[in-house]
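Read through the structure below, which is laid out as structure tokens, and then see the notes.
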Amino acid sequence: MRTFAIGDIHGGFRALKQLIERLELTPNDKLIFLGDYVDGWSEAAQTIDYLIELENKYSCVFIKGNHDLWCEQWLRDGTKFISWFMHGGKETVDSYYNYSEPQKFFHLQFFEKMKNYYVHENRLFIHAGFSSMHGPDKEHYESNYSWDRTLWELALAMDSKLKKDSSAYPKRLKLYKEIYIGHTPTLNYGEDKPMNRVNVWNVDTGAAFNGPLSALNIESKEVIQSDVVQTLYPNEKGRNND
């Protein structure tokens with residue numbers, strides 16, 4: 001059995017489909033999606049359709065991202081946040097133009113079932129992070145699951161030679177063998193592949209912008225990627241116009 005962590009998709013249905021084909025999945029494989037399925041490219045609703053179909057064929061875990069929270073709220077009661085529309089929400093709403101209310105409700109149920117985080121073999125999968133030294137289940141601010149960047153910033157700032165049994169090693173990071181996140185594009189650091197610092201892996205390779213969509217085999221650390229998503233949507237800008 002292989003387990004893949006998959007980064008932020010942002011409505012890039014064509015990239016998602018291409019990536020899944022390149023994974024050459026078997027029935028025993030597991031897919032853990034790290035959130036932000038919508039907002040960016042023009043096929044957000046189609047992305048959700050595909051993910052629902054995928055769940056019927058394979059073992060899938062869906063983590064909820066900050067963009068998913070916005071979309072979920074809109075599907076529930078029609079709320080359109082200005083900040084959401086400025087960061088890809090308009091493209092998401094437009095993608096639902098031909099969807100009936102029952103279809104939208106079916107998608108809402110999918111969003112509502114998403115997890116804030118997931119633990120598998122002492123590995124944590126979460127969209128953004130957490131601040132409690134006792135772990136995400138003791139988190140005081142649930143918004144940190146989908147918004148926090150301090151965990152990744154902490155990992156980036158650490159000395160890679162620091163041993164895990166050192167008293168200086170952050171307690172947050174000691175809790176798990178490995179932590180997998182999305183939310184912060186590795187393109188911000190000049191990288192178009194998943195980045196690793198100490199025991200934290202960032203799998204968001206900027207699919208919303210000028211990067212590919214990535215899957216990381218959590219055992220072998222093999223990286224499989226789609227083409228740069230922009231090339232699959234040549235007449236769109238994605239979130240590059242934010």
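Side chains are part of it too, since the values below use all heavy atoms of this structure and drop only hydrogens, waters and symmetry mates.
For F111, there are no ring pair (Phe, Tyr, Trp, His ring centres under 6.0 Å) partners, not counting sequence neighbours. In this view, H127 and H183 satisfy the ring pair (Phe, Tyr, Trp, His ring centres under 6.0 Å) rule, not counting sequence neighbours. Residues meeting the side-chain contact (heavy atoms from CB on, under 4.5 Å) test with K164, sequence neighbours left out: Y169, K174, N199. With sequence neighbours left out, N235 forms a side-chain contact (heavy atoms from CB on, under 4.5 Å) with no residue at all. Remark: Y145 pairs with Y117 by the ring pair (Phe, Tyr, Trp, His ring centres under 6.0 Å) rule, at least two apart or across chains. Listed by chain and number, the residues in a side-chain contact (heavy atoms from CB on, under 4.5 Å) with D204 are D8, P185, N202 (sequence neighbours excluded). Remark: S42 pairs with Y233, E236 by the side-chain contact (heavy atoms from CB on, under 4.5 Å) rule, at least two apart or across chains. With sequence neighbours excluded, the residues satisfying ring pair (Phe, Tyr, Trp, His ring centres under 6.0 Å) with F110 are F62. Scored by the side chain to side chain donor-acceptor pair (under 3.5 Å) test, Q73 finds D77 as partners (sequence neighbours excluded). With sequence neighbours left out, the side chain to side chain donor-acceptor pair (under 3.5 Å) criterion links W74 to no other residue.
With hydrogens and angles left out, the side-chain atoms of H10 and Y37 include no donor and acceptor closer than 3.5 Å. Donor-acceptor pairing under 3.5 Å is recorded for the side chains of S131 and E139.
Residue L124 is grouped with residue L156 when hydrophobic side chains (ILVMFWY) are merged at heavy-atom distances under 4.5 angstrom, including chains of intermediate members. The hydrophobic cluster containing L69 does not contain M86, counting ILVMFWY residues as joined when their side-chain heavy atoms lie under 4.5 angstrom apart, directly or transitively. Cluster membership for L213 and I48, using ILVMFWY side-chain heavy atoms within less than 4.5 angstrom, is shared. Linking ILVMFWY residues whenever their side-chain heavy atoms come closer than 4.5 Å, directly or via other members, leaves M195 and L34 in distinct clusters. Placement of L151 and Y189 within a single hydrophobic cluster is found when ILVMFWY residues are connected by side-chain heavy-atom separations under 4.5 Å, directly or transitively.
A donor-acceptor distance shorter than 3.5 angstrom exists from the side chain of D68 to the backbone of D36, with no hydrogens or angles considered. No donor-acceptor pair under 3.5 Å is formed between the side chain of D49 and the backbone N or O of E53. Checked by atom type and distance alone, the side chain of D192 never pairs as donor or acceptor with a backbone atom of G211 at under 3.5 Å. Using modelled atom types, no side-chain atom of R172 and backbone atom of S132 make a donor-acceptor pair closer than 3.5 Å. Side-chain N or O atoms of S95 include one that pairs as donor or acceptor with a backbone N or O of A45 at under 3.5 Å. Judged purely by atom type and a 3.5 angstrom limit, W84 has no side-chain atom pairing as donor or acceptor with the backbone of D39. With T186 contributing its side chain and E191 its backbone, the two residues share a donor-acceptor pair below 3.5 Å.
Salt bridge present: R14 and E43 bring a charged side-chain N and a carboxylate O closer than 4.0 Å. Salt-bridge check for R76 with E72: passed, with a basic side-chain N closer than 4.0 Å to an acidic carboxylate O. In summary, D227 and R22 engage in a salt bridge, as defined by a charged side-chain N under 4.0 Å from a carboxylate O.
Looking at heavy atoms from C-beta onward, F85 lies in side-chain contact with K80 at the 4.5 angstrom threshold. Residues K193 and Q225 form a side-chain contact, since some pair of their non-hydrogen atoms from C-beta on lies under 4.5 Å apart. Two residues are said to be in side-chain contact when any heavy atoms from C-beta on lie closer than 4.5 Å; V200 and W152 meet this criterion.
Within the structure, the salt bridge (charged side-chain N to carboxylate O under 4.0 Å, His left out) test picks out the following pairs touching residues 178-187 (sequence neighbours left out): R123-E178, E178-K221.
F125 and Y118 have tilted rings, their planes meeting at an angle from 30° to 60° on a 0 to 90° scale. Using bins of under 30°, 30° to 60° and over 60° for the plane-to-plane angle, the ring pair Y96/H107 lands in the perpendicular bin.
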Practice prompt. Mind running side chain to side chain contact (heavy atoms under 4.5 Å, CB included) on F33 and I63 for me, showing each step along the way?
Written response: CA-CA 6 Å; F33 293 87; I63 306 299; over 6 Å; no
Item to complete: List the steps and the verdict of side chain to side chain contact (heavy atoms under 4.5 Å, CB included) for S100 and F105.
Response: CA-CA 9 Å; S100 66; F105 181 71; over 6 Å; no
Worksheet item: Please walk me through it: do I32 and I218 pass side chain to side chain contact (heavy atoms under 4.5 Å, CB included)?
Response: CA-CA 10 Å; I32 303 176; I218 67 170; 5.6 Å; no
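With values rounded to the nearest 0.5 angstrom, Y176 atom OH is found 14.0 Å from H120 atom NE2.
Counting side-chain heavy-atom gaps under 4.5 Å among Ile, Leu, Val, Met, Phe, Trp and Tyr, Y97 is found in no cluster with other residues.
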